[in-house]
There are 2 protein chains.
Amino acid sequence: MVVDSGVADADRVFHALADATRRDILTRVIRSGMSVSELARLYPMSFAAVQKHVVVLERAALVSKTRRGREQIVRGEVEALRRVARLLDGYERLWRHRAAAIEEILKEEQ
Amino acid sequence: MVVDSGVADADRVFHALADATRRDILTRVIRSGMSVSELARLYPMSFAAVQKHVVVLERAALVSKTRRGREQIVRGEVEALRRVARLLDGYERLWRHRAAAIEEILKEEQ
DNA sequence: CTAACGTACAACCACATGGTTGTAGATTCC
DNA sequence: GGAATCTACAACCATGTGGTTGTACGTTAG
């Protein structure tokens, strides 16, 4: 297992998700693959802007691209998504731990 | 239920999580509340920088502050965290849907 | 072959972000 | 009361981000 720079990974993933356009692209390409220009037609911005959003998602490993003729098909990668979900689960577990401790204290006080 | 500006909420939450220092602060204050200056002593940066990180987490509703004398105690708020986890679950559900569709297609082809 | 299409990338711009220092207001300690 | 502590916030700076346009290159269609 790669231990190195898991921090930067999380940085990239959360940053990639911190933009409504990118989240929308992600939901679409998870449903089914789409070419970059198909995606670009969906948003009120230039092709270049959408292409850059796709690059950000790609760097975060949230999507992958595969060539099909002159098109580049973008697909959602669920692995990174799962890693983030697990991370958030970790946060929540910590919280539950705290909640349990509080309950313990309240019990003792009664 | 508030329907308005759930998008901006997600923006704020993901952006808040897209920084290693802020994620570290979050894990600590979820375990147990800490004052801002206690937090500030933990990181190799100025008090003001840490205070600004706390503000970012607060705007994302990931932490809340309560006064205790001259200190401000920062605590982790789990509600927003859960909302994000649910959002990511939503993404994963979409993916599973796609996986099921692919299986269906493969079955038909055989 | 040539034209149109799909993609990638550089250069540029306005604005946000993450850091700094400095100042000022509450609150507590002695 | 006066000093120390904790917090908040403004001003500033370097860098990053999200958008633009323009250009170049490979692939497909006619």
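None of these values were measured; they are calculated from a predicted model. All chains are named by letter (A, B, ...) in the order of the sequence lines, taking the proteins before the strands, and each is independently numbered beginning at 1.
Between the side chain of B:Arg22 and the main chain of B:Leu17, no donor-acceptor pair closer than 3.5 Å is present.
With rounding to whole Å, B:Ile73 atom CD1 is found 14 Å from C:dT27 atom C1'. The distance from atom CG of B:Asp19 to atom C1' of C:dA16 is 14 Å, rounded to the nearest whole Å. One interatomic measurement links the two molecules: CZ of B:Arg68 to C1' of D:dT7, which rounds to 15 Å at whole-angstrom precision. The distance between atom CZ of B:Arg70 and atom C1' of C:dC29, rounded to the nearest whole Å, is 7 Å. Straight-line distance from the CD atom of B:Glu71 to the P atom of D:dA8: 12 Å, rounded to whole Å. Regarding A:Met45, its CE atom lies at a distance of 4 Å from the P atom of D:dG19, rounded to whole Å. Residue A:Tyr43 contributes atom OH, which lies 12 Å from atom P of D:dG19 at whole-angstrom precision. For A:Phe47 and D:dT23, the CZ to C1' distance is 14 Å, given to the nearest whole Å.
Distances were taken from every side-chain heavy atom of B:Ser46 (C-beta onward) to each of C:dT17, D:dT20, C:dT20; the shortest belongs to C:dT20. The side chain of B:Ala48 approaches D:dC9 more closely than any other nucleotide in the set C:dG6, D:dC9, D:dG18. You'll find that the side chain of A:Lys65 is closest to C:dA8, out of C:dT7, D:dG26, C:dA8. If you check D:dT21, C:dG18, D:dC9 against the side chain of B:Gln51, the one that comes closest is D:dC9.
Within 4.0 Å (heavy atoms only), A:Ser37 reaches sugar-phosphate atoms of the nucleic acid but no base atom. B:Arg41 comes within 4.0 angstrom of sugar-phosphate atoms only, judged by non-hydrogen atoms across all strands, and of no base. Residue contacts shown for A:Ser35 are limited to sugar-phosphate atoms, with no base heavy atom under 4.0 Å away. Nucleic acid contact for A:Ala40: none, since no nucleic acid atom lies under 4.0 Å from a heavy atom of the residue. Contacts of A:Arg22 with the nucleic acid, taken as non-hydrogen atoms under 4.0 Å apart, involve only primed sugar atoms and P, OP1 or OP2.
Contact detail for A:Gly76 and A:Ile30: the closest heavy-atom pair is CA-CG1, 3.9 Å. When all heavy atoms are compared, the tightest approach of A:Val54 to A:Val63 is O-CG2, 4.1 Å. Listed here is the closest heavy atom pair of A:His15 and B:Ala18: N-CB, 3.5 Å. Scanning both residues, A:Glu77 and A:Ser64, for their nearest heavy atoms gives OE2-OG, 3.0 Å.
Axis deviation across the helix from C:dC1-D:dG30 to C:dC30-D:dG1 amounts to 30°, comparing end segments of five pairs, rounded to 10 degrees.
OP1 or OP2 of C:dG18 has at least one side-chain nitrogen or oxygen of B:His15 nearer than 4.0 Å. Side-chain N/O atoms of B:Arg59 include none lying less than 4.0 angstrom from OP1 or OP2 on C:dT17. At least one side-chain nitrogen or oxygen of A:His53 sits closer than 4.0 Å to the OP1 or OP2 atom of D:dG19.
Just one of B:Val29, B:Leu62, B:Asp19 meets the side chain to side chain contact (heavy atoms under 4.5 Å, CB included) condition when paired with B:Leu57; it is B:Leu62.
Side-chain contact check for A:Met45 versus A:Thr21: some heavy-atom pair is nearer than 4.5 Å.
Comparing B:Lys52 and A:Lys52, the nucleotide of DNA chain D nearest to each residue sits closer to the 5' end for B:Lys52. Mapping B:Gly69 and B:Val56 onto DNA chain C via the closest heavy atom, the residue that lands nearer the 5' end is B:Val56.
In the displayed structure, B:Arg68 atom CZ is contacted under 6.0 Å by at most 12 heavy atoms of other residues, nucleotides or ligands.
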